[in-house]
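Notes to accompany the following structure.
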Amino acid sequence: MMEKQEYSRENMTELLRGHGINPTHQRIEIAHALFSRGEHLSAEQILLAVNSRHSETSKATVYNTLKLFVEKKLVREVIVDPTKVFYDPNMSEHCHIYDVVNGRLTDVDAANVSLSGLPALPAGMVAESVDIIVRIRPA
């Protein structure tokens, strides 16, 4: 699980630099919106959070910045269905539970999940990651 930590705009600058990302004003605001909540947020939720302070960030800027954050391994993309993508600031090994009714995505410690094996991979290939999402709904 991700440990609770105080995130300021100042330490967002250092976090971005540490991942090889130029800390522009908008990137700092996007990172702060995502990390300060410690939640799984969609691009739309991040856009709303950023523009609640200064309505100057475009949807394209948010999407492009999130793509950069994913490429630089600052956050991970969690695709719960083809129309719903969350951005997860928790980069530790963990799985997810997704409530299909309320749209909430929750972390599950990987130590609480067991996987007995993977299929044979094509020659010359290695597994980069395995994503486990348990989708739940009322019985």
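- Two residues are said to be in side-chain contact when any heavy atoms from C-beta on lie closer than 4.5 Å; Val75 and Asp88 fail this criterion.
- Qualifying side chain to side chain donor-acceptor pair (under 3.5 Å) partners for Arg53, counting only residues two or more places apart in sequence or in other chains: Glu29.
- Checked against side chain to side chain donor-acceptor pair (under 3.5 Å), Thr83 has the following partners two or more places apart in sequence or in another chain: Asp81.
- By the side chain to side chain contact (heavy atoms under 4.5 Å, CB included) test, Ala49 pairs with Ala33, Arg37, sequence neighbours left out.
- In this view, Asn22 satisfies the side chain to side chain donor-acceptor pair (under 3.5 Å) rule with no residue, not counting sequence neighbours.
- The main-chain N or O of Thr57 is found under 3.5 Å from a side-chain atom of Asn51 such that the two form a donor-acceptor pair.
- Rounded to the nearest 0.5 Å, atoms CG (Asp107) and CD (Glu93) are 13.0 Å apart.
- For Lys72, there are no salt bridge (Lys or Arg N to Asp or Glu O under 4.0 Å) partners, not counting sequence neighbours.
- Side-chain contact between Leu15 and Met12 is present, with heavy atoms from C-beta onward closer than 4.5 Å.
- Ring orientation note: the planes of His94 and His40 are tilted relative to one another, at an angle of 30° to 60°.
- Counting heavy atoms from C-beta outward, Ile30 and Arg27 have side chains that stay 4.5 Å or more apart.
- Under a 3.5 Å cut-off, the side chain of Asp109 and the backbone N or O of Asn112 do not form any donor-acceptor pair.
- No side-chain heavy atom of Val134 sits less than 4.5 Å from a side-chain heavy atom of His96.
- With rounding to the nearest 0.5 angstrom, the OG1 atom of Thr61 is 10.0 Å from the CD atom of Glu56.
- Ile28 approaches Pro23 most closely through the heavy-atom pair CD1-O, 3.5 Å.
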What pairs of donor and acceptor atoms, side-chain ones from residues 120-131 against any protein atom, are under 3.5 angstrom apart with sequence neighbours left out?
none

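- Contacts of Arg17 classified as salt bridge (Lys or Arg N to Asp or Glu O under 4.0 Å), with partners at least two apart in sequence or in another chain: Glu14.
- Partners of Ser8 according to the side chain to side chain contact (heavy atoms under 4.5 Å, CB included) rule, which considers only residues two or more places apart in sequence or in another chain, are Glu10, Asn11.
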Side chain to side chain contact (heavy atoms under 4.5 Å, CB included) assessment of Ile46 paired with Tyr63: CA-CA 10 Å; Ile46 294 167; Tyr63 278 96; over 6 Å; no

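- With hydrogens and angles ignored, the 3.5 Å screen pairs a side-chain donor or acceptor of His32 with a backbone N or O of Tyr7.
- The side chain to side chain contact (heavy atoms under 4.5 Å, CB included) check on Glu71 picks up Lys67, Leu68, with sequence neighbours excluded.
- By the neighbour-count criterion of 12 heavy atoms within 6.0 Å, atom CZ of Arg9 is densely surrounded, having more than that number from other residues, nucleotides or ligands.
- Put simply, CG on Leu41 and CG on Leu47 are 12.0 Å apart, with the number rounded to the nearest 0.5 Å.
- Atom-to-atom distance recorded for Leu48:CG and Ser42:OG is 8.0 Å, nearest 0.5 angstrom.
- Every residue two or more places apart in sequence or in another chain was checked for a salt bridge (Lys or Arg N to Asp or Glu O under 4.0 Å) with Arg135, and none qualifies.
- The CG atom of Leu34 sits 10.0 Å away from atom OH of Tyr87, with the distance rounded to the nearest 0.5 Å.
- Counting Ile, Leu, Val, Met, Phe, Trp and Tyr side chains that sit under 4.5 Å apart, directly or through other members, Ile133 shares a hydrophobic cluster with Val78, Val80, Phe86, Tyr98, Val100, Val101, Leu105.
- Residues satisfying the side chain to side chain donor-acceptor pair (under 3.5 Å) test with Lys84, not counting sequence neighbours, are none.
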